[in-house]
2 protein chains.
Amino acid sequence: MKKDSRLSSVLHALLHMAEQDKPVTSDILAMCMKTNPVVVRRTMGLLRNAGLVTSERGHAGGWRITADQNNITLFDLHEALGEPTVFAIGNRQDSPDCLVEQAVNSALDDAFAEAEALLIERFKTVTLANLAADFAQRHATYRQQKE
Amino acid sequence: MKKDSRLSSVLHALLHMAEQDKPVTSDILAMCMKTNPVVVRRTMGLLRNAGLVTSERGHAGGWRITADQNNITLFDLHEALGEPTVFAIGNRQDSPDCLVEQAVNSALDDAFAEAEALLIERFKTVTLANLAADFAQRHATYRQQKE
DNA sequence: CGAATCGTAACATTAATAGTTACATGAAAA
DNA sequence: TTTTCATGTAACTATTAATGTTACGATTCG
């Protein structure tokens, strides 16, 4: 399966938007993320449904963050994207009659559930503001190195 | 992409094989797992490379477990399968020049690495013997319910 | 020899994400 | 009010990776 890279994508977009006062267009976000404006709109639309961003049509339109960056966590974004499947590994068959299959699936499901719970907890601790600070740090380091 | 269900598959196969003294053919395993004998051979071949099972050709040939069931963990199988990608979520792009992307990827990679480490730890604690016991338990319960 | 069985290459199918094209809708500027 | 810039969205295509299938060679046993 191809990996779902939308979480990574929207984070990139949001950080770029966070540095702008005016709305950012899908075209600009698409260029900056080397993808297609329709893909941007499709994905950002999910964030809009979750109330994290707004869009404006027409001249000087585009996308804007509405929520406080301290209050947007990775989990909020994951949730806004519809809580997509986390794992690329899974059971061979659902609702099996076979008792062997049930024992196997049960063990695997438990393990995956634990790992997913940890991931979700981690997602809840990281805010957009944290990432912005990390970026600022990297930027400062980068500028120092150039001198 | 489709989920990788080989771990679930080989567990099913191994548990069935564990109950047999003689080798089990790919055809029988395939029927029991509702898949194709070639798929069985392809996947079991990886376990053979890891020394967990052996295969015999010709008449009365087939697959046999060699390792002790107490010493085969889910992790051993995961490893034998080539440690396939665990997550269906990932970064949009590898080795990005963009510092924003670097900050985003770094945060995500950390979270995924933690969750994967937990999963692997869990995998290491579950043996084939554990699953066989769980199956036996389910079987006993099932027989009781029928009475 | 002949049947049973694995080994494996080559190709087809399926499932899921991402990308593209096309066009409708709405808002602001000229 | 017309033009231009933007989002909204449906429909289709492309990509990617797993799984399934066909075909045939190699090996072992009776």
Side-chain angles (χ1 to χ4, degrees), chain A residues 1-10 12-13 17 20 22-49 53-64 66 78 81-94, chain B residues 1-10 12-13 17 20 22-49 53-64 66 78 81-94:
Chain A
M1 166 165 61
K2 249 183 196 170
K3 283 194 171 189
D4 182 339
S5 60
R6 291 175 305 162
L7 182 56
S8 168
S9 280
V10 297
H12 194 152
M17 286 159 62
Q20 304 283 328
K22 50 185 187 181
V24 184
T25 66
S26 305
D27 273 35
I28 287 175
L29 288 175
M31 262 185 294
C32 144
M33 295 159 57
K34 290 171 192 151
T35 179
N36 189 293
V38 176
V39 173
V40 171
R41 288 200 276 275
R42 193 187 287 159
T43 312
M44 295 297 287
L46 297 172
L47 303 197
R48 186 188 47 226
N49 296 345
V53 303
T54 54
S55 60
E56 296 161 42
R57 300 214 251 196
H59 259 286
W63 301 89
R64 217 192 280 265
T66 49
H78 178 64
L81 294 174
E83 306 202 39
T85 305
V86 169
F87 296 105
I89 298 179
N91 295 331
R92 202 173 52 75
Q93 185 186 27
D94 284 334
Chain B
M1 154 177 63
K2 257 181 191 169
K3 282 194 174 190
D4 182 340
S5 61
R6 291 175 304 163
L7 181 55
S8 169
S9 280
V10 297
H12 193 151
M17 285 160 62
Q20 302 285 328
K22 51 185 186 181
V24 183
T25 67
S26 306
D27 271 36
I28 286 177
L29 289 174
M31 261 185 294
C32 144
M33 297 157 57
K34 290 169 191 152
T35 180
N36 189 295
V38 177
V39 174
V40 171
R41 286 200 278 272
R42 194 189 285 159
T43 312
M44 295 297 288
L46 297 172
L47 303 197
R48 185 189 46 226
N49 295 344
V53 302
T54 53
S55 60
E56 295 161 43
R57 300 213 247 198
H59 259 288
W63 300 91
R64 219 193 276 265
T66 49
H78 177 65
L81 294 174
E83 304 202 40
T85 305
V86 168
F87 295 105
I89 298 180
N91 295 331
R92 204 174 49 76
Q93 187 187 25
D94 284 333

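Protein chains get the first letters and strands the later ones, always in sequence-line order, with residue 1 at the start of each.
B/Gly45 comes within contact range of no nucleotide atom at all, as no heavy-atom separation falls under 4.0 Å. When heavy atoms are screened at a 4.0 angstrom cut-off, B/Gly58 is found touching base atoms of the nucleic acid. Among the protein residues, A/Asp4 comes within range of the sugar-phosphate backbone only, with heavy atoms under 4.0 Å from sugar or phosphate atoms but none that close to a base.
Residue A/Arg57 contributes atom CZ, which lies 13 Å from atom C1' of C/dC23 at whole-angstrom precision. With rounding to whole Å, A/Leu46 atom CG is found 16 Å from D/dT7 atom P. Rounded to whole Å, atom P of C/dA18 lies 17 Å from atom NZ of A/Lys34. The separation between B/Arg64 atom CZ and C/dT5 atom C1' is 14 Å, rounded to whole Å. Straight-line distance from the CG atom of A/Asp27 to the P atom of C/dT21: 13 Å, rounded to whole Å. Regarding B/Phe87, its CZ atom lies at a distance of 18 Å from the P atom of D/dA17, rounded to whole Å. One can place CG of A/Asn36 at 8 Å from P of C/dT21, the figure rounded to the nearest angstrom. Going from atom CD1 of B/Ile28 over to atom C1' of C/dA4 covers 12 Å, rounded to whole Å.
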>> Between B/Ser26 and B/Met44, is the side chain to side chain contact (heavy atoms under 4.5 Å, CB included) condition met? List the steps.
In response: CA-CA 9 Å; B/Ser26 306; B/Met44 295 297 288; over 6 Å; no
>> Under the criterion side chain to side chain contact (heavy atoms under 4.5 Å, CB included), I'd like the reasoning laid out for A/Met17 against A/Val53: C-alpha separation, chi angles, the key distance, then a yes or no.
In response: CA-CA 10 Å; A/Met17 286 159 62; A/Val53 303; 4.2 Å; yes
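Here A/Thr35 reaches the OP1 or OP2 of C/dG19: one of its side-chain N or O atoms lies under 4.0 Å away. The phosphate of D/dG8 (OP1 or OP2) has a side-chain N or O of A/Ser55 nearer than 4.0 angstrom. Proximity of A/Ser5 to the phosphate of C/dT17: no side-chain N or O atom is located under 4.0 Å from OP1 or OP2. In this structure, B/Arg41 reaches the C/dC6 phosphate: one of its side-chain N or O atoms is under 4.0 Å from OP1 or OP2. A close approach under 4.0 Å does occur between a side-chain nitrogen or oxygen of A/Ser26 and OP1 or OP2 of D/dT7.
Along DNA chain C, the nucleotide nearest to A/Arg6 and the one nearest to B/Val38 differ in position, and the one closer to the 5' end is contacted by B/Val38. Of the residues near DNA chain D, B/Pro84 and B/His59, the one whose nearest nucleotide (by heavy atom distance) lies more toward the 5' end is B/Pro84.
Closest to the B/Arg48 side chain, of the nucleotides C/dG7, C/dT21, C/dT8, is C/dG7. Comparing atom distances between the B/Trp63 side chain and each of C/dG7, D/dG8, D/dG20 picks out C/dG7 as nearest.
A heavy-atom distance below 4.5 Å is not found between the side chains of B/Arg41 and B/Ser55. Proximity of B/Arg6 to B/Leu46: side-chain heavy atoms (C-beta onward) are separated by under 4.5 Å at one or more points.
Between the side chain of A/Lys2 and the base of D/dT16, no donor-acceptor pair of N or O atoms lies under 3.5 Å. Between the side chain of A/Arg42 and the base of C/dG19 there is at least one donor-acceptor pair of N/O atoms closer than 3.5 Å.
Between the side chain of A/Ser5 and the main chain of A/Ser8, no donor-acceptor pair closer than 3.5 Å is present.
Here the shortest heavy-atom pairing between A/Ile89 and B/His78 reads CD1-CE1, 3.9 Å.
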